[in-house]
Novice: 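Handing you this structure, nothing more for now.
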Amino acid sequence: MSQISLSKLNKHYGGMQHAVKDVDLTIADKEFVVLVGPSGCGKSTTLRMIAGLEAISSGEIRIGDRVVNDLLPKDRDVAMVFQNYALYLHMSVYDNLAFGLRNKKIREADIKIAIDRAAEILGLGELMQRKPRQLSGGQQQRVALGRCIVRNPKVFLFDEPLSNLDAKLRAQMRVEIKRLRVRVPTTSVFVTHDQVEAMTLGDRVVVMKDGRIQQCGTPLQVYGEPANKFVAGFIGAPSMNFFEVTIRAEEGELIAQTPFLRARVAERHKAALSAWKDRAITLGVRPEHLSINAADRNSIGAAEIEVIEQLGSEIVLETRLGDSTMTIARVDPQLPLAVGETVQLSVPSEQLHFFDPETEQAIR
């Protein structure tokens with residue numbers, strides 16, 4: 001078993017910075033978990049503490065049935081892929097893959113078996129005699145992955161491994177990593193600031209901010225049921241729209257409204273929102289759930305188009321709704337729209353999100 005358990009994990013840098021705050025997290029054997037959040041949220045520090053590259057200030061880290069707090073990185077049986085690949089530039093691909101095994105005094109015949117397996121999985125066969133400088137960014141990343149595979153560790157750790165690649169290569173490497181998971185189902189922790197990577201790769205996604213875990217769940221859970229306003233705004237592209245609204249009761253219905261917006265509350269929200277009658281609350285609407293000029297009863301208001309982004313397969317609109325800006329994604333690119341045009345916005349009531357304006361916690 002290679003389960004990872006973090007209990008009350010903390011990291012202080014002197015007396016000034018509390019980088020990781022009481023992190024409790026259990027990662028199951030063979031599970032792929034992604035730590036995601038903005039720069040400085042503590043995700044990479046958490047990963048480095050698991051690897052043994054950062055000393056913990058307090059708490060406990062278990063890998064399998066061992067407490068590894070005081071173990072050196074080489075004794076934790078983990079393999080790490082870094083952002084800059086960390087390849088030895090003077091060595092061939094083969095020697096880069098063999099380096100760690102040779103340090104462990106593994107027989108050369110066994111090293112070749114391990115390297116041949118990794119090369120077959122990652123398509124490195126034709127690159128074995130090249131030096132890292134002769135490889136593309138994607139090829140270097142595959143070599144870095146191969147170096148982990150040959151070690152057959154209990155845990156894979158990925159520290160923003162795709163951030164130096166261009167958009168096309170990032171997409172290709174996401175596919176490579178998903179294929180790798182099928183062939184080599186090892187417990188994995190992946191750190192990224194890119195929520196697309198988090199959503200596409202993770203069995204579970206851990207959203208962090210200011211050193212704390214904000215929410216941990218499947219990609220669909222953190223997208224569809226965000227725990228708070230931060231998670232709601234961070235997960236999803238374009239970001240969720242937010243409005244300060246007042247909840248009113250009208251003829252047995254609850255209505256969220258501003259002078260320019262009026263949205264009916266879905267049945268599933270009524271019990272939670274009944275305590276918010278005649279009070280201010282934060283309404284969240286995802287851009288992809290908005291429609292324009294749709295003939296349905298969930299119309300929320302009229303907005304003026306300010307910006308049109310033509311993406312080929314879809315259009316993203318920036319609109320002005322009263323004194324607020326609202327983003328609308330995935331509009332039919334064939335629609336004849338023009339800047340300055342007024343469109344009617346609508347959204348299914350079930351897709352509305354509500355947050356406490358003081359605590360920013362979701363209200364359900």
Side-chain angles (χ1 to χ4, degrees), residues 2-27 31-88 100 144 148 153-164 187-195 197-198 202 204-217 222 226-235 358-361:
S2 53
Q3 174 177 291
I4 302 171
S5 296
L6 312 180
S7 178
K8 300 299 179 188
L9 194 63
N10 284 270
K11 178 63 180 179
H12 297 269
Y13 291 102
M16 299 296 294
Q17 185 182 3
H18 193 175
V20 176
K21 305 171 184 175
D22 291 325
V23 166
D24 289 308
L25 179 65
T26 298
I27 300 167
E31 186 178 24
F32 197 108
V33 167
V34 179
L35 307 183
V36 64
S39 297
C41 72
K43 58 189 185 295
S44 286
T45 302
T46 300
L47 189 80
R48 290 174 65 82
M49 285 193 285
I50 296 172
L53 301 176
E54 292 274 0
I56 71 172
S57 300
S58 63
E60 181 181 88
I61 302 173
R62 282 181 174 270
I63 298 178
D65 58 359
R66 295 192 304 168
V67 176
V68 300
N69 290 22
D70 300 320
L71 293 183
L72 295 173
K74 67 183 180 65
D75 298 324
R76 298 192 182 198
D77 201 8
V78 302
M80 192 161 178
V81 181
F82 295 93
Q83 180 177 349
N84 62 357
Y85 318 137
L87 301 178
Y88 297 104
C148 292
K154 288 184 178 179
V155 174
F156 283 158
L157 304 176
F158 301 85
D159 189 9
E160 303 206 42
L162 309 185
S163 60
N164 289 339
T187 307
S188 301
V189 185
F190 188 105
V191 162
T192 181
H193 63 273
D194 186 329
Q195 53 97 15
E197 286 177 16
R204 281 190 299 154
V205 175
V206 178
V207 184
M208 296 185 69
K209 177 191 177 190
D210 297 334
R212 296 189 187 276
I213 291 178
Q214 302 295 307
Q215 186 172 1
C216 177
V222 296
N228 55 42
K229 185 178 176 183
F230 172 78
V231 175
F234 188 82
I235 298 295
E358 293 185 4
T359 69
E360 297 192 347
Q361 295 301 301

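We count residues from 1, following the sequence as given.
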Novice: Taking only residues two or more places apart in sequence or in another chain, which ones pass side chain to side chain contact (heavy atoms under 4.5 Å, CB included) with Pro73?
Specialist: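 Counting only residues at least two positions away or on another chain, Pro73 forms a side chain to side chain contact (heavy atoms under 4.5 Å, CB included) with Leu53.
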Novice: How far apart are the closest heavy atoms of Ser188 and Ile27, and which atoms are they?
Specialist: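 That would be O-CG2, 4.5 Å.
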Novice: Kindly say whether Phe230 contributes a backbone atom to a donor-acceptor pair with the side chain of Lys209 at under 3.5 angstrom?
Specialist: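 No, Lys209 side chain to Phe230 backbone: no donor-acceptor pair under 3.5 Å.
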Novice: Which pair of non-hydrogen atoms, one from Val20 and one from Gly42, has the smallest distance, and what is that distance?
Specialist: CG2-O, 3.7 Å
Novice: What I'd like to find out is whether the side chain of Asp194 reaches to under 4.5 Å of the side chain of Glu160, using heavy atoms alone.
Specialist: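 Heavy-atom side-chain distance check fails, nothing below 4.5 Å.
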Novice: Which residues pass the ring-ring contact (aromatic ring centres under 6.0 Å, His included) test with Phe82, sequence neighbours left out?
Specialist: none
Novice: Can you name the residues that form a side-chain hydrogen bond (donor to acceptor under 3.5 Å, both in side chains) with Thr45, not counting sequence neighbours?
Specialist: none
Novice: If only atom types and distance count, is the side chain of Lys43 paired as donor or acceptor with the main-chain N or O of Val36 below 3.5 Å?
Specialist: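 No: the side chain of Lys43 does not pair with the backbone of Val36.
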Novice: Treating Asp77 as the side-chain partner and Ser2 as the backbone partner, does any N or O pair qualify as donor plus acceptor under 3.5 Å?
Specialist: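 Judged by distance alone, no pair lies under 3.5 Å.
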Novice: Going by side chain to side chain contact (heavy atoms under 4.5 Å, CB included), name the residues that satisfy it together with Lys74, two or more places apart in sequence or in a different chain.
Specialist: Leu72
Novice: With the side chain counted from C-beta on, respond yes when Val207 and Val205 share a heavy-atom pair under 4.5 Å apart, and no when they do not.
Specialist: yes
Novice: Do Glu60 and Ser7 have side-chain atoms, one donor and one acceptor, less than 3.5 Å apart?
Specialist: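 No, Ser7 and Glu60 have no side-chain donor paired with an acceptor closer than 3.5 Å.
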Novice: Would the distance check show the side chain of Asn228 and the main-chain N or O of Glu360 forming a donor-acceptor pair, the cut-off being under 3.5 Å?
Specialist: no
Novice: Considering residues at least two apart in sequence or located in another chain, which fulfil the side chain to side chain contact (heavy atoms under 4.5 Å, CB included) criterion with Ser39?
Specialist: none
Novice: For the side chain of Arg76 and the backbone of Leu71, is there at least one donor-acceptor N/O pair under 3.5 Å apart?
Specialist: yes
Novice: If we ignore hydrogens and angles and just use 3.5 Å, is the side chain of Lys21 paired with the main-chain N or O of Asp210 as donor and acceptor?
Specialist: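 Confirmed, Lys21 side chain pairs with Asp210 backbone.
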Novice: In chain order, what residues pass the side-chain hydrogen bond (donor to acceptor under 3.5 Å, both in side chains) check against Ser163, with sequence neighbours excluded?
Specialist: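 Scan of Ser163 (side-chain hydrogen bond (donor to acceptor under 3.5 Å, both in side chains), adjacent residues dropped) gives Gln83.
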Novice: Which heavy atom of Ala51 sits nearest to which heavy atom of Leu157, and what is that distance?
Specialist: CB-CD1, 3.5 Å
Novice: For Phe156, what residues pass the ring-ring contact (aromatic ring centres under 6.0 Å, His included) criterion, not counting sequence neighbours?
Specialist: none
Novice: Looking at residues at least two apart in the chain, or sitting in another chain, which of them share a side chain to side chain contact (heavy atoms under 4.5 Å, CB included) with Ala227?
Specialist: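 Residues passing side chain to side chain contact (heavy atoms under 4.5 Å, CB included) with Ala227: Gln215.
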Novice: Run the salt bridge (charged side-chain N to carboxylate O under 4.0 Å, His left out) test against Lys8 and tell me which residues pass, sequence neighbours left out.
Specialist: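 If we apply the salt bridge (charged side-chain N to carboxylate O under 4.0 Å, His left out) test to Lys8, skipping adjacent residues, the hits are Asp24.
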Novice: Are side-chain heavy atoms of Pro226 and Phe234 found at a separation under 4.5 Å?
Specialist: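 No, too far: nothing below the 4.5 Å cut-off.
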Novice: With no hydrogens and no angle check, is any side-chain donor or acceptor of Thr187 less than 3.5 Å from a backbone partner on Gln3?
Specialist: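 No; judged by distance alone, with no hydrogens or angles, the pair does not exist.
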Novice: Measure the shortest side-chain to side-chain distance between Leu25 and Ile213 over non-hydrogen atoms and say whether it is less than 4.5 angstrom.
Specialist: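 Contact flag for Leu25/Ile213 side chains = yes.
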Novice: Is there a side-chain contact between Leu35 and Thr46, using heavy atoms and a 4.5 Å cut-off?
Specialist: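 Heavy-atom side-chain distance check passes, below 4.5 Å.
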Novice: Only counting residues at least two apart or in another chain, list the ones meeting salt bridge (charged side-chain N to carboxylate O under 4.0 Å, His left out) with Asp22.
Specialist: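 For Asp22, no residue satisfies salt bridge (charged side-chain N to carboxylate O under 4.0 Å, His left out) once neighbours in sequence are set aside.
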Novice: Run the side-chain hydrogen bond (donor to acceptor under 3.5 Å, both in side chains) test against Tyr13 and tell me which residues pass, sequence neighbours left out.
Specialist: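 Tyr13 satisfies side-chain hydrogen bond (donor to acceptor under 3.5 Å, both in side chains) with Glu54 once adjacent residues are dropped.
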Novice: Any side-chain heavy-atom pair from Gln214 and Met208 closer than 4.5 angstrom?
Specialist: no
Novice: With no hydrogens and no angle check, do the side chains of Asn10 and Ser57 hold a donor and an acceptor under 3.5 Å apart?
Specialist: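 No - no donor-acceptor pair under 3.5 Å links their side chains.
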Novice: Among Ile56, Ile4, Ile63, exactly one meets side-chain contact (heavy atoms from CB on, under 4.5 Å) together with Val68. Which residue is that?
Specialist: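 With Val68 as partner, Ile56, Ile4, Ile63 yield a single side-chain contact (heavy atoms from CB on, under 4.5 Å), made by Ile63.
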Novice: Quick one: are Asp159 and Ser44 in side-chain contact, heavy atoms under 4.5 Å?
Specialist: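 Yes - at least one pair of side-chain heavy atoms lies under 4.5 Å apart.
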Novice: Heavy atoms, side chains only, cut-off 4.5 Å: are Val34 and Glu197 in contact?
Specialist: no
Novice: Excluding sequence neighbours, so at least two apart, what forms side-chain hydrogen bond (donor to acceptor under 3.5 Å, both in side chains) with Gln17?
Specialist: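 Here no residue qualifies.
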